[in-house]
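First the structure, in the form of structure tokens, and then the observations on it.
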Amino acid sequence: MSIQSCVTIINEWDIVAARQLGRNVAKELGFGIVDQARITTAISELARNIFLYAGKGQICIDKLNEGGKVGLAINATDNGPGISDIRQVMEDGFSTSGGLGAGLPGVKRLMDQFDIESSPGDGTKIKATKWLR
Amino acid sequence: MNKLIYGFIEENKLDILNEWIETTKDNADDRVLRVVSDQVFTSTSREFVDLIISNIKGTKEDYTSRLTDFAEKVVRLGWPLTFVTKGLHTFGEIVFEKMEKSELVTKDNQMEVIREFGAWMTPMNNEIVSVYSTTWEKTVSLQKIALQELSAPLIPVFEKITVMPLVGTIDTERAKQIMENLLKGVVKHRSEVVLIDITGVPVVDTMVAHHIIQAADAVRLIGAKCIICGIRPEIAQTIVSLGIDLNQLTTQNSLQKGIETALELTDRKIIVMEGAK
Amino acid sequence: MRIPILKLYNCLLVSIQWELDDQTALQFQEDLLHKIHETGANGVVIDLTSIDFIDSFIAKVLGDVINMSNLMGVKVVITGIQPAVAITLIELGIGLDNVLTALDLEKGLEKLQQELGE
Ligand SMILES: Nc1ncnc2c1ncn2[C@@H]1O[C@H](COP(=O)(O)OP(=O)(O)OP(=O)(O)O)[C@@H](O)[C@H]1O
Ligand SMILES: [Mg+2]
């Protein structure tokens, strides 16, 4: 079972909107302050990557309830250039934009589950989930 | 028909109880007897038989609340569930035998009495099992919480100095919990130095070392200093052979030395008073 | 929206009171460097008590502005990083090494005086 709400990312302000949506859902589901910060930060990273590298895309937040387990999933999708070497972008410190390169590997550490699907020309699809303890 | 059984139990309550205690004691394994005194055993047994009887006589609410109380007590005593269900079974057997002896059970009504017994015992049995297991689950989860709180207390020892002794095995889940408690505690007590004492942590592998380094890093970010105490020789060996760089950390081999360092860092020290012997 | 920068003796005080968007963060970087140049201040305290998350972008802007200030001969102390923020930063892999920190504004000013006095 899941209920979804989405924010389209086109400009910088949409990044703010996406993380506000995420924080509200996290609060509503009963996540603690630290997990709220983890989720908000993860959304910010994924949304900014869409803005910077794909130009346009979507962040969707799912409320999950699987057999009594409550959770939140962040779905980041875009039809941008895609990523050719996924192993490389998951390394700490790798960046093509002069950033810290902390975003993707960081999101993986902040959340409980992390899946990435991407190939050049096909856009990027990332799903990151956090379960309520 | 019911009246026949119930009336018999009421009349012979003491007899039944005594025989029940005898039989049960003979059959009970060490586990049951070792944990309680004779007196507790007898009084708990009486309570059990009373409970069975209150199922016959008393109101439904009375019975339910007694059952819960009883289950809690039994769980606390650490009696196994089989002991309780077997006890119920034994009770039935004793009553049946006694009724046979007093010729209340005859060839004619035998089947009927057995059916009646079943109808009376089965729901009681189910109920005992379900109450027992919920009580047990509740106890376990309470213990879990208690253990979590116990496992990483934060102790303000001096103004500006706080100690967190870690005891037991550290897994990822616990490490996260510990980090949260640590940071919240530092802010709450306005500590300038925190000492993490790992004397009580049996195994420090890469994962644990990594979490400890992260904790120390986070403490620095919120504006305090962190000293890791209780680095035993084997821990120092593991850490070095694992190639973990603990250089960014302040470490001490004992809590005592750690506290001395912490006092130094906050411009204080402990002195012997003049004139004291 | 611009983040106000106050002058207190030879120090600059910045208290960030609301969620930073990218533009505000970059604007702040520029404003602070100008203010340092303008006032000749030799210390800065940036208080983050009201900030409830920092992502890698904001962390980079903060880290950069600290390095730039250091280049201009100014010491910067960051204060009031919340436990939740510290934890997420560490998990992101951002240690903000070599950054001076203090629990709150008051202790931050104390620390700054210490650093400047020595
Ligand atoms: N949605 C995307 N589409 C295409 N490429 C992407 C996408 N997201 C990330 N990348 C690539 O992966 C690299 C690593 O991303 P990551 O978020 O880890 O670091 P960064 O954005 O460069 O720096 P930081 O997030 O620390 O500011 C990026 O530099 C970019 O080349
Ligand atoms: Mg990024």
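- Summarising the geometry of D92(A) relative to L92(C), their closest heavy-atom pair is OD1-O, 4.3 Å, with the distance given to 0.1 Å.
- Listed by first and then second residue, the side-chain hydrogen bond (donor to acceptor under 3.5 Å, both in side chains) pairs that reach into residues 45-60 of chain A are E45(A)-S56(C), R48(A)-D22(C), R48(A)-D55(C), Y53(A)-S97(A), sequence neighbours excluded.
- Ranked by heavy-atom pairs under 4.5 Å with chain C, the first of R109(A), Q20(A), K108(A) is R109(A).
- The side-chain heavy atoms of I87(C) and R38(A), taken from C-beta on, include a pair separated by under 4.5 Å.
- In this structure, F53(C) CZ and I43(A) CD1 are separated by 9.5 Å, a value rounded to the nearest 0.5 Å.
- Neither the backbone nor the side chain of Q36(A) has a heavy atom closer than 4.5 Å to any heavy atom of chain C.
- Between T41(A) and I54(C) the shortest side-chain heavy-atom distance does not fall below 4.5 Å.
- Contact of L89(C) with chain A is not made at all, since no heavy-atom distance falls under 4.5 Å.
- By number of non-hydrogen pairs under 4.5 angstrom with chain C, the leading residue of V107(A), T40(A), V16(A) is T40(A).
- For I15(A), the part sitting under 4.5 Å from any heavy atom of chain C is the side chain, from C-beta outward, and nothing else.
- Not counting sequence neighbours, the partners of N42(C) by the side-chain contact (heavy atoms from CB on, under 4.5 Å) test are N10(C), L116(C).
- Of the residues considered (A84(C), G93(C), A86(C)), A84(C) shows the highest number of contacts with chain A, using heavy-atom pairs under 4.5 Å.
- In this structure, E19(C) pairs ionically with R23(A), as a charged nitrogen and a carboxylate oxygen lie closer than 4.0 Å.
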